[in-house]
There are 2 protein chains.
Amino acid sequence: MALRHAVLAALLDGELSGYQLTKAFDLGMANFWHAQPQQLYAELNRLEKDGFIAGRDVVQETRPTKRLFHVTEAGLAELERFTAASAKPSFIRDDLLVKVQAADHVDTATLIAQLAERAAVARARIDLFTDLLRTMRGERTEEDFLRHGARIGPYLTCARGLAFEEGNRDWCEQAIGILRVRSGAGLPAADPQSG
Amino acid sequence: MALRHAVLAALLDGELSGYQLTKAFDLGMANFWHAQPQQLYAELNRLEKDGFIAGRDVVQETRPTKRLFHVTEAGLAELERFTAASAKPSFIRDDLLVKVQAADHVDTATLIAQLAERAAVARARIDLFTDLLRTMRGERTEEDFLRHGARIGPYLTCARGLAFEEGNRDWCEQAIGILRVRSGAGLPAADPQSG
DNA sequence: TGCACCATGTAATTTGTTACATGATTCG
DNA sequence: CGAATCATGTAACAAATTACATGGTGCA
């Protein structure tokens with residue numbers, strides 16, 4: 001039951017609706033927590049019932065009415081309690097790595113295609129996070145922002161996400177290179193950067 | 001329902017019992033899949049019923065009788081099918097990152113302690129994976145092993161795990177440094193390497 | 001006219017977690 | 001004598017996924 005703390009942490013950046021929250025969990029939050037819309041809507045209702053967040057209706061003209069939520073004092077206290085408690089070890093699940101684990105027993109071309117696809121996704125996310133970080137720090141240098149900026153939490157987690165995706169990209173490229181050498185050998189391999 | 005493919009991939013390295021499988025899921029497999037003993041025992045029974053693995057009893061003198069499982073032809077075909085199917089995006093959950101996301105609203109000392117603990121765990125795993133990789137490649141250079149070695153799948157996934165933990169260590173150290181500068185400022189900060 | 005976006009859910013099913021259960025052996 | 005290791009599960013509960021449901025707006 002730690003989804004709630006991820007939601008609380010996401011709401012610290014300002015009021016969000018359930019819909020906006022799902023967007024956040026597709027972007028920066030996705031670096032360390034994964035959740036579906038249905039889960040988020042349900043969790044928002046539970047958090048409100050427990051008094052950790054409060055919502056207000058915002059009627060819109062051309063769009064359906066939405067509810068914006070913010071963290072309450074009790075919610076902040078709960079986050080503080082959570083932070084002090086010992087963290088569960090981080091938990092990863094990755095289909096692609098399962099496939100690579102079986103590399104010596106499955107079709108190489110198929111595996112290379114999957115690795116290339118993942119590398120492309122990683123590159124897209126690297127660009128995205130690089131832009132996000134630039135936006136967050138504005139005119140300042142990273143050094144200056146991290147020392148004196150008002151909200152460094154999201155910056156640090158985004159930086160971790162960036163490094164993670166760089167690791168993915170590099171590893172995928174290395175694995176592709178190795179699989180190519182072992183199978184086709186002398187082929188004038190297509191440039192993996194081009195796709 | 002992809003736990004089964006992780007189990008199949010784990011069994012490619014040779015026959016394993018449920019107990020040995022839980023050990024594998026605590027070590028190398030933990031880099032990309034997390035599962036508890038109860039799940040593994042249950043999944044082994046399901047996989048056997050579906051014909052993807054086969055087990056045989058091994059009676060031991062000083063230990064309880066165990067069942068060793070190996071992947072069948074049907075199991076290999078299933079892995080092949082899985083490899084060809086599009087992978088779900090990788091899925092991360094990390095309490096620590098949730099806490100860092102809330103860094104600007106929670107106690108700094110508490111957060112630093114958590115980051116230091118994680119950095120220590122990362123260092124331990126780095127040592128472990130470095131040894132594991134050395135063992136896998138034996139006398140050969142990495143270059144040579146990856147070109148001509150018989151089983152590179154586990155090597156590649158372990159390498160990814162190593163890079164991931166190096167990323168964790170570096171990021172934790174950076175975050176600790178920043179939080180120290182912002183809070184205590186001029187303190188003659190303790191060496192994070194020492195613990 | 002069809003698709004994507006905004007906006008929020010319910011219900012059924014599948015997974016995953018926690019607690020409980022058993023019992024011998026080996027090491028300190 | 002107590003703790004860790006080997007060895008395998010069942011049962012109850014909590015969480016996550018999938019499918020289903022609704023309906024207006026804006027764009028090509």
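In what follows, chains carry the letters A, B, and so on, assigned in the order in which the sequence lines appear, proteins first and then strands, with residues in each chain numbered from 1.
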Is it the case that the side chain of Thr72(A) and the backbone of Gly51(A) share a donor-acceptor pair, with hydrogens and angles ignored and the cut-off at 3.5 Å?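 Yes, the answer is positive, given that a donor and an acceptor are paired below the 3.5 Å cut-off.
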With a 4.5 Å cut-off on side-chain heavy-atom distances among I, L, V, M, F, W and Y, is there a chain of contacts connecting [X] to [Y]?
X: Val58(A); Y: Ile53(A); answer: no
X: Ile92(B); Y: Leu3(B); answer: no
X: Val100(A); Y: Phe164(B); answer: no
X: Leu128(A); Y: Leu162(A); answer: yes
X: Trp171(B); Y: Val121(B); answer: no

Can we say Glu15(A) and Lys66(A) salt-bridge, meaning some charged N sits less than 4.0 Å from an Asp/Glu carboxylate O?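 So Glu15(A) does not pair with Lys66(A) through a salt bridge.
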Salt bridge or not between Arg160(B) and Asp94(A)? Use side-chain N to carboxylate O under 4.0 Å.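 Looking at Asp94(A) together with Arg160(B), the answer is no, because their closest N to O distance does not fall below 4.0 Å.
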In whole angstroms, how far is the [atom2] atom of [N] from the [atom1] atom of [X]?
X: Leu16(A); N: dT8(C); atom1: CG; atom2: P; value: 11 Å
X: Arg93(A); N: dT15(C); atom1: CZ; atom2: P; value: 11 Å
X: Leu3(B); N: dA15(D); atom1: CG; atom2: P; value: 20 Å
X: Arg67(B); N: dT8(D); atom1: CZ; atom2: P; value: 9 Å

Does atom CZ of Arg147(B) have more than 12 heavy-atom neighbours, drawn from other residues, nucleotides or ligands, at distances under 6.0 Å?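 At most 12 heavy atoms, drawn from other residues, nucleotides or ligands, come within 6.0 Å of this atom.
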Are there more than 12 heavy atoms of other residues, nucleotides or ligands under 6.0 Å from atom CD of Gln60(B)?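 Result for CD/Gln60(B): enclosed.
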Hey, does Leu115(B) have a side-chain heavy atom less than 4.5 Å from the side chain of Ile176(B)?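 Touching, per the 4.5 Å side-chain cut-off.
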Report which part of the nucleic acid Arg46(B) touches: base, sugar-phosphate, or nothing (heavy-atom distance under 4.0 Å, all strands).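 Result for Arg46(B) = nothing.
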Would one find a side-chain N or O of Lys88(B) under 4.0 angstrom from OP1 or OP2 of dT18(D)?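 Yes, because at least one side-chain N or O of Lys88(B) sits under 4.0 Å from OP1 or OP2 of dT18(D).
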Are any of Gln60(A)'s side-chain N or O atoms less than 4.0 Å away from OP1 or OP2 of dC6(C)?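 Checking dC6(C) against Gln60(A), no side-chain N or O comes under 4.0 Å of OP1 or OP2.
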Return whichever of Gln20(B) or Phe91(B) has its heavy-atom-nearest nucleotide of DNA chain D closer to the 5' end.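 This one resolves to Gln20(B).
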Would you jot down, in residue-number order, the residues of residues 21-45 of chain B having a non-hydrogen atom under 4.0 Å from DNA chain C?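 Those residues are His34(B), Gln36(B), Gln38(B), Gln39(B).
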To the nearest 10°, give me the bend of the helix from dT1(C)-dA28(D) to dG28(C)-dC1(D), comparing the axes of its five terminal pairs at either end.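 The angle separating the two end axes equals 50°.
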Under-3.5 Å N/O pairs linking protein and nucleotides 23-28 of chain D:
from, atom 1, to, atom 2, distance (Å)
dG24(D), N2, Arg63(A), NH1, 2.9

